[in-house]
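For reference, the structure is listed below as structure tokens.
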Amino acid sequence: MAEIQINSLSKSFGKSKVIKDISLSIQSRSFTVIVGPSGCGKSTLLRMIAGLEKIDTGEIKIAGKSVNDLPPKDREIAMVFQSYALYPHMTVFNNMAFGLKLEKKSKSEIENRVKEAARILQIENLLDRKPKQLSGGQRQRVAIGRAITRNPKVFLFDEPLSNLDAALRVATRIEIANLHDSMPDATMVYVTHDQVEAMTLANQIVVLSEGQIEQIGSPLELYEEPDNLFVAKFIGSPAMNIIPIEILTTGINPVGKINEKIKITLETKFSSSDKGREFHLGFRPENLMLAKTDKNSFTADVSLVESLGEYALVYANIKGSSSDYNIIAKLLGTPKISKGDQVSFQIQKSKMHLFDEEGRRYINGKKQV
Amino acid sequence: MKIKINFSSILSQLLLLFFVILWITPTFGLFISSFRDKDQLAISGWWTSLVTTEVNEIHRTKGKKDQVEDEGFYIIKGNLFKKDEGKKVLSYGVTSKNINAYKVGEVAILKDKSEITVFENGNYQLKSKSEFKKKKGRRIFITATSPPSFTLDNYKEVLFKEGLGQAFLNTIAVALPATLIPLIICSFFSYSLTWMNFFGRDLLLATIIASLVVPLQMSLIPILTIYNDLGALFNVEAKSFPGVWMAHTGFGLASTTFLLWNFMKSLPNEMLEAAKVDGASHYDTFVRIVIPLSIPAFASIFILQFLWVWNDLLVGLVFLDKHPSEIILTAKLKELLGSRGENWEILTTGAFISMTVPLFIFFSLQRFFIRGLVAGSVKG
Ligand SMILES: Nc1ncnc2c1ncn2[C@@H]1O[C@H](COP(=O)(O)OP(=O)(O)OP(=O)(O)O)[C@@H](O)[C@H]1O
Ligand SMILES: [Mg+2]
């Protein structure tokens with residue numbers, strides 16, 4: 001039982017504000033992933049939870065208890081670092097036993113706990129080796145094992161997979177997911193900038209940008225209802241297509257204009273004052289399809305086709321009023337389209353996202369807050 | 001295919017070879033010389049002692065009191081060489097004008113009708129019908145081959161009679177603590193400079209780096225004055241081993257701290273944070289992680305500081321008395337240079353003795369220089 005409560009947390013390094021008034025609650029037993037572009041403050045936030053970075057203002061509570069002034073060891077957390085951070089002069093066993101030895105646990109208990117962790121991670125045969133005799137994946141497992149042996153309430157992971165190659169990354173990702181299942185009492189907080197990791201591992205994703213939370217939600221929520229342009233562009237690969245659109249008519253079937261030729265009927269309810277405003281229309285590549293009717297379709301010039309068998313990525317150009325917009329369509333199968341073609345697309349019903357001038361999601365005449 | 005000749009690599013190899021020869025030749029010469037007979041040392045270079053050489057020597061036979069009478073002849077027998085050095089006589093003479101007048105074994109007839117024979121092993125026989133009258137023996141000039149011959153006599157002499165042995169022990173008594181004390185202090189200090197946050201840390205570091213450029217000669221006299229005052233105050237000797245330890249510690253503090261700080265700074269930050277999360281206090285981290293990983297740095301700093309102290313003359317002269325129980329090797333050698341300057345056997349041997357420890361230290365700690373102890377801790 002260890003929920004984490006973060007209340008208006010701030011942190012600056014010198015003059016640069018790295019964490020800007022963040023509030024966040026992480027439920028007990030959840031798997032929370034913090035994502036965001038490089039330098040947005042993910043590691044800093046995690047290190048503040050761990051107690052490795054001082055808190056400027058605000059409060060962090062773990063299991064209801066303020067930990068602002070507690071050293072890392074008293075916070076009942078364990079952390080897995082990006083660089084593994086193993087002790088190079090100790091064997092794998094001693095690496096994993098280090099924390100327990102410092103706690104002055106009995107020899108037999110240390111042995112049991114290390115063996116148990118080694119069994120879970122399948123590194124029992126490596127216990128006598130030194131870190132330099134291990135592969136990257138094995139080292140990462142030892143690092144995770146070191147966290148497990150201490151039996152913490154909260155696991156903190158800082159990009160644990162980013163030094164592994166693609167195949168190993170997938171395998172270890174699955175192991176971490178299994179680990180969460182096998183330790184149902186533990187709360188896990190996981191930092192990454194890889195959105196596939198975020199989507200696959202998390203119950204809850206926190207999207208961070210420049211020290212601020214952009215959105216908190218389940219993976220599907222973020223995917224289907226991004227709160228703002230930042231999240232819309234950040235989640236999903238290839239990224240969501242965004243093109244400016246000017247509202248021509250409001251009312252029952254509102255119409256927006258992309259350029260003189262292309263007019264699209266929108267699904268959002270607008271207020272009459274929205275007429276003439278510039279919005280951002282977003283649609284995911286997989287929500288584009290080849291137009292079967294003329295209604296609500298638009299044409300684009302294909303500039304590149306990447307055929308991957310299972311699906312094809314079609315890169316195309318829409319002539320806008322002032323500039324061209326590049327869009328990507330993800331079409332299933334192997335469509336007969338090639339470079340230079342003019343293709344007519346349609347956006348799937350109810351898969352349009354609308355964002356206002358400030359980049360916030362716009363639904364039914366209201367700004368999302 | 002063209003064979004590419006890398007001139008810069010050849011040049012650097014040649015340069016290396018040059019320096020190796022430059023260093024080895026005098027060292028080796030010193031080494032050989034220290035084992036040579038002192039008389040030979042005075043007259044020929046060390047390289048001649050490695051092969052059989054021809055030497056010209058002057059010897060004197062025994063005088064009249066050793067003659068024996070035998071069947072009407074007076075005979076003096078003996079050996080020209082004082083000890084068995086494996087020398088072989090090739091030829092001999094009886095006047096300085098013609099030192100090769102006779103082959104070995106030939107009989108030389110002298111003006112007074114006496115006969116003399118010299119044999120290969122140095123045995124000689126003087127034979128005369130009349131009694132030998134002279135108290136002193138005859139001079140005999142010989143040309144002999146001399147095989148390489150080495151002796152430990154110089155070492156015995158220098159170590160035990162000249163007092164270099166005691167000086168050697170004194171130097172160890174100075175150098176070991178004067179190396180270990182700063183190493184211990186600085187390891188704590190560098191750790192705190194690197195991994196602990198406290199007020200004025202950066203200023204302290206800057207001061208240390210700045211003090212690297214202060215020449216120690218500047219502070220010798222002020223410190224000695226303080227020592228004298230303290231000594232007078234507590235009624236103890238101003239010049240003592242603890243005094244010299246402290247002096248060396250002080251002088252070594254800045255550079256040792258700087259080197260260690262430089263090393264510890266390079267330890268991966270995340271590893272120490274992992275230790276912190278694991279519940280290690282600063283002391284635990286220091287003892288269980290930083291020290292074991294710093295052994296290569298300790299070794300190289302140990303070597304540097306030890307050699308510096310071992311070869312130091314100035315600090316030892318200023319802070320230690322010259323009586324035998326305190327004098328250090330370098331000071332003793334300097335003293336010998338003055339008093340026994342013409343006795344090469346003493347100087348070469350002394351010099352070589354003073355070199356043995358640095359050589360030993362260097363070669364035995366060499367392996368600790370090998371890097372890569374940190375490999376495996378972080379990615380890569
Ligand atoms: N100790 C520090 N001193 C000064 N600035 C720092 C320090 N640590 C981090 N920063 C700055 O804070 C910002 C956030 O850093 P942080 O490491 O949290 O980013 P991140 O989101 O983890 O990025 P990445 O995905 O690249 O790991 C960066 O601009 C970084 O330069
Ligand atoms: Mg980071």
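Note on naming: letters A, B, ... go to the chains in the order of the sequence lines (proteins, then strands), and numbering restarts at 1 for each one. FYI, side chains are in, hydrogens and waters are out, and symmetry mates aren't considered; it's all heavy atoms of this structure.
With a 4.5 Å cut-off on non-hydrogen atoms, A:Arg75 does not touch chain B at all. When heavy atoms are compared at a cutoff of 4.5 Å, A:Ile77 approaches chain B by way of both its backbone and its side chain.
Here the closest non-hydrogen pair linking B:Ser294 and B:Phe263 is CA-CE2, 3.4 Å.
Per-residue heavy-atom pair counts under 4.5 Å with chain B were compared for A:Asp74, A:Leu102, A:Leu134, and the maximum is reached by A:Leu102. Contact count versus chain A (heavy atoms, under 4.5 Å) is highest, among B:Ala274, B:Ala280, B:Ser281, for B:Ala274.
Expressed to the nearest 0.5 Å, how far CZ of A:Arg129 lies from CD of A:Gln138 amounts to 6.0 Å.
Remark: A:Glu116 does not engage A:Arg113 in a salt bridge, criterion side-chain N to carboxylate O under 4.0 Å.
Within 6.0 Å of CZ in B:Phe18 there are 12 or fewer heavy atoms belonging to other residues, nucleotides or ligands.
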